[in-house]
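Everything below concerns the one structure shown next.
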There are 6 protein chains.
Amino acid sequence: MRIVVIMPVVTRDLGPSVIRELSAVAKADDNVQVTFIDNGPPSIECEFDEALAVPDMINKAIEAEREGADAIIINCMQDPGLKACREAVSIPVVAPLETASHFAASLGRKFSVITTLSGSVPPIRDRCLMYGFRHSLASVRAVGIPVLELEKDMSTVISALVKQGQRAIEEDGADVIVFGCTCMVGAAQAVEEGLRKKGYAVPVVDPSVLAVRVAEVLADIGLSHSKRAYPYPPRKVITGYEGFRTS
Amino acid sequence: MRIVVIMPVVTRDLGPSVIRELSAVAKADDNVQVTFIDNGPPSIECEFDEALAVPDMINKAIEAEREGADAIIINCMQDPGLKACREAVSIPVVAPLETASHFAASLGRKFSVITTLSGSVPPIRDRCLMYGFRHSLASVRAVGIPVLELEKDMSTVISALVKQGQRAIEEDGADVIVFGCTCMVGAAQAVEEGLRKKGYAVPVVDPSVLAVRVAEVLADIGLSHSKRAYPYPPRKVITGYEGFRTS
Amino acid sequence: MRIVVIMPVVTRDLGPSVIRELSAVAKADDNVQVTFIDNGPPSIECEFDEALAVPDMINKAIEAEREGADAIIINCMQDPGLKACREAVSIPVVAPLETASHFAASLGRKFSVITTLSGSVPPIRDRCLMYGFRHSLASVRAVGIPVLELEKDMSTVISALVKQGQRAIEEDGADVIVFGCTCMVGAAQAVEEGLRKKGYAVPVVDPSVLAVRVAEVLADIGLSHSKRAYPYPPRKVITGYEGFRTS
Amino acid sequence: MRIVVIMPVVTRDLGPSVIRELSAVAKADDNVQVTFIDNGPPSIECEFDEALAVPDMINKAIEAEREGADAIIINCMQDPGLKACREAVSIPVVAPLETASHFAASLGRKFSVITTLSGSVPPIRDRCLMYGFRHSLASVRAVGIPVLELEKDMSTVISALVKQGQRAIEEDGADVIVFGCTCMVGAAQAVEEGLRKKGYAVPVVDPSVLAVRVAEVLADIGLSHSKRAYPYPPRKVITGYEGFRTS
Amino acid sequence: MRIVVIMPVVTRDLGPSVIRELSAVAKADDNVQVTFIDNGPPSIECEFDEALAVPDMINKAIEAEREGADAIIINCMQDPGLKACREAVSIPVVAPLETASHFAASLGRKFSVITTLSGSVPPIRDRCLMYGFRHSLASVRAVGIPVLELEKDMSTVISALVKQGQRAIEEDGADVIVFGCTCMVGAAQAVEEGLRKKGYAVPVVDPSVLAVRVAEVLADIGLSHSKRAYPYPPRKVITGYEGFRTS
Amino acid sequence: MRIVVIMPVVTRDLGPSVIRELSAVAKADDNVQVTFIDNGPPSIECEFDEALAVPDMINKAIEAEREGADAIIINCMQDPGLKACREAVSIPVVAPLETASHFAASLGRKFSVITTLSGSVPPIRDRCLMYGFRHSLASVRAVGIPVLELEKDMSTVISALVKQGQRAIEEDGADVIVFGCTCMVGAAQAVEEGLRKKGYAVPVVDPSVLAVRVAEVLADIGLSHSKRAYPYPPRKVITGYEGFRTS
């Protein structure tokens, strides 16, 4: 199976580690490919960034389907371009926040998302509410560490995640924790262990890992998003984006 | 991996076909086992039936965990005993209605569940609302064919599912269809095809298939329900159920 | 009028005081009978306990109706078996949490329920939400005293109820207080007085007392639950529960 | 016990029959008194009518409490002046729509209110939503017969109520029916019987009857609305209403 | 254009300053008139006060329309008599809380209303919820200064508004502030500036100013409330209010 | 005052009529300018179209603010790029669907939006729900006439709007009608008149007209969106969009 992971950023630094982590969770015979956009921001931190990343993401999604991909993963917790990409293609488009929220909601009563910086809190909360989790979302919290510093000192990140996780449980009533940045990939077990030492037995959801596994399941059993809900765009010339060609 | 499918009924007639269908969707190296309750109703058609099935289901769940199962599936669209079983064990307990609803909600805007008889409509609707799908649930409909007759004439069942699916789309605004009985297992492709011929491109979700795949994913990545949300019951003697022993 | 109070526990210690308190509030010519289950837990503290109490509760409910009872009261704030019992019989089945929540919601803007131990908080909150009180429920709080110790030192219990009631008012915005355990029966006036001394004029609802009075009203004016909402279970042999016989 | 029923209208024609019906449902030793306003509309059919009835209703409520009443009933399904009267007095003020809605919501899944003329539909629906019954209210329907003609030909009224009740069940999903005008008092049994003949076993709630019984219960067990939610108005001179004297 | 501002109080002290402030914001060629009720309370602080102000407000509204007014403003943040006045006339009736809430909800994610005394908090919150702002309303707070003292020392009022605004932002998650008393008219710029100095860039909405401008817009483009939603009251004699005459 | 109307399409055909209509409603001394995007679709009919229009819309918004505009109007009923544009600038950004929905919700109980083709129904409904109008939105309907044909035969368009408006009132319970395409500008009075002839007195809201007037009001009284809710994007190089320069 061929799964294409679209990175909605132009910085390629994160490539190797993302491929390594996601390939590790994929099934043995899967081919997980990572593709970066050519035009757009170096990171997604607000609605403005997202708006400028989406056009090239759509392009990459169309390309992936044309080249035979079985499923697409949008590798960012703002789920950028989810609806537009689903309109453009018919293979499954899996978004980590949406997927992780559904799993988290089914594993407990209330979940909290813990992200990097406070600037990402409102966009994540907005999307959780849009997906219908008004009554399952306990809170969105931030560890105060920027994305690009996450990899540098993983033990500090894990401590910070445990600390905010504990506050989410005690102050916000969460009983499930969700990572709020795809770059936290791989740390779930350590955070779960850290919270257990504090006396809290709560599952910690790693959205990147889940996205790969859900993409596999959907492609495997032949299930994709509804084309009645996300119909193909009417064919017409889009000035400045003439290369884009949907079915 | 060892997955135990608990059938909340005493009738064993459905055993062979359920094992056949679910094993077919499981991964090659999985061991899917089906276990029936010894005490309880021959079928689940209301709250009364469910109440009398749950005690022995809990027993089977505890037994499955003790004997090394990696995950448990409750094979009934009323999701009987879900909370009590999750309290009793710590391995993942997957319920088909809960799981299918979360997938359906993420694949479109509104989904409809199509079950067997009208008597099952209120219990399914009640559980969808309890799970938080008030705004995603388009409707719950029935084909008017009893469970035990489903296998006899599958082509009639498929026609009936297509017919109700079409009404769900046209009258209720659904853009995703979910089977409302685990005995409809295996018919998704035919119903999806039937609806496509009517002009509707909507995914058809087979909850039994999804439950097996989600159980695999959860067990595989070490994710289970929150024990903070579903703590172990306090130890005490339960008169008439002395054999039950939770960790 | 004959009202049967079903105690969903096997411990008979609480019998005399419950009969004494409930008979005191009933009308002079009423006959309030208390019946305990024979199989099940000694106390209801979670979903697991409830699941194992319900089968025999259904049995007692059917028996009560057959022997001419005019109404049934389920004497536990988890309202165990409410839906299944209503399916099994046609006389009114009154549940204290449901009844008290409706009265509390009509006497103010927001109510808090104060129960015994923190383990009972989630089941009570879940049921309040299921009944539709998402926007009227201020909080569910616990005094930290186990059920069986409630009777030993009532003045300590009352102080604890006043203290948590005060916090519910000040921190959670409650303007009505509801007892969260049927064993707190009889303490409403003292708690109301205690809160008044703190400067808060809020009604304190005693669910057991209210349940008796509401059962009388329903039986008296010939009103019961909708059999369209709670139809009789289809007739069939339930293995292990052959004695159960519904209409 | 002394219960004062405030009629928010100046027409006294309805007096005798209301007293007769309500006294019939009250307990033997109760004293049910009916008082009409002196200034205001002859009937309540909209917000305008209600606004002009409320000042004198407040007056009558204060008077009733001063003269020793144990509880007050507002005899109109728009529940006019409920909040203002509760501020003005501390004895229970019972409103028929609020009370009937809470009982109806607890007896089934969804209820419909059936009133006289279509003009009363929006005010009743608005109040049901304000009370929090957004998800329990199936519909508000009208029989198309004005209040003052209700008494003339009760069999026609009953037929119309059965007909609209049937539509509420079949088209709107109701499983409980509530009368939408206090002048339909006494017809519940006949309408319930009529619906049963159509094949529908649903309870029919008579709000006037319920209001009397709930007023008795509240006064009897010493429970009233929260003065924290409905504090006494600050003392000051109200020009044109100098006679009003609270607390 | 002629806009009539109805003051729902009998005290005329506030007249000159209200006229001055509102005329200042109105367009050059507008004629803003202020009319006080003759019967009713000196100030609106609860439901009781409002109930006694509304009859004469309706009278003034009918009078204003009859004398050629183009729009009516109800100058009080409890929006007293809004529905009844809309039934009585067909020219636009603008209410400051309703109007300000809609603007505030569209300028950010969550807004807080800051009023005078804590007694006004519940009525304002009730109305915001009734208008549908359950999920946009962050909080209602009070500065603890009575209406009539607002004008005496405006700098103290502004400091108090800044302080509560800061707490609304930090503790309640507000990103828009709304004045909760029409007598705070004119202070928006100073409060916005004060909050900016604290590091918060949030708009401060002055409901009185907005009400004048919205009344102008509605009258100008010929838009008024729906007479289907607010039909004229049926013609009949209202005892004690014979002078009232609706179209 | 200078108001810039951003047309999120590359087709310039609509320019003259839009300028003519919008200038007609603006105040005499206003300068209403219309600007088209250079890159993007010829029309907005789905999420895909919108995603490709937004980058250049942001560019035009930044340009407008830099050149001294007092307010910006996004002239499309999908409200494309609203959040991103508000992040990019600090002058008011007014979106017609958001604005019209708030006015419609305050003029009646339930409103319906009537758009051009059925493909636009889901995006408009999604946005209404995101804005919080779940309980005020009666329905979104389509007349079945494409945007570019609207101008050709206005009397047919008006008849179609009246017909769908009537169905919205009768079948969906609407009491306010909102145009669902900015190209319907100018037809409100005719549609209102048409509905009145059918017996329905409901306001018809023209979102384009309202957007101009609300932009004027906001700019005039110095009110804009919250920069706390919509902070400036962090400064960084956006590959392919280097010209964009915020704050």
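To find a chain, count down the sequence lines: A is the first, B the second, and so on, and within it residues start at 1.
With respect to chain A, the highest number of heavy-atom pairs below 4.5 Å among G40(F), A84(F), C46(F) belongs to G40(F). Of the residues considered (P42(A), A229(A), G240(A)), P42(A) shows the highest number of contacts with chain F, using heavy-atom pairs under 4.5 Å. Across D49(A), T239(A), D126(A), the residue that shares the most heavy-atom pairs under 4.5 angstrom with chain F is T239(A). Between chain F and the residues L52(A), V10(A), I37(A), the largest count of heavy-atom pairs under 4.5 Å involves L52(A).
Applying the salt bridge (Lys or Arg N to Asp or Glu O under 4.0 Å) test to E45(A) and every residue at least two apart in sequence or in another chain returns K236(F). By the ring-ring contact (aromatic ring centres under 6.0 Å, His included) test, F36(F) is found to be paired with no residue, residues two or more places apart in sequence or in another chain being considered. For Y230(F), the ring-ring contact (aromatic ring centres under 6.0 Å, His included) test picks out H225(F), with sequence neighbours left out.
For the 3.5 Å distance criterion, the side chains of Y131(F) and D79(F) qualify, holding a donor opposite an acceptor.
Using a 4.5 Å cut-off between heavy atoms, P41(A) contacts chain F through both its backbone and its side chain. With a 4.5 Å cut-off on non-hydrogen atoms, P231(F) does not touch chain A at all.
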**Study point:** Steps toward salt bridge (Lys or Arg N to Asp or Glu O under 4.0 Å) verdict (D172(F), R109(F))
**Key:** CA-CA 12 Å; D172(F) 312 330; R109(F) 282 186 183 80; over 6 Å; no

Review point. What do the steps show when you test D38(F) against K60(F) for side chain to side chain contact (heavy atoms under 4.5 Å, CB included), and what is the final call?
Key: CA-CA 9 Å; D38(F) 299 312; K60(F) 299 296 181 196; 2.8 Å; yes

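Just one of V212(A), V5(A), V185(A) meets the side chain to side chain contact (heavy atoms under 4.5 Å, CB included) condition when paired with N75(A); it is V5(A). Screening V93(A), D70(A), V4(A), V89(A) against E65(A) for a side chain to side chain contact (heavy atoms under 4.5 Å, CB included) leaves a single residue, V89(A).
Residues of residues 110-122 of chain A lying under 4.5 angstrom from chain F, judged on non-hydrogen atoms, do not exist here.
Here CD1 of I145(A) is found 8.0 Å from CG of D153(A). Values are rounded to the nearest 0.5 Å.
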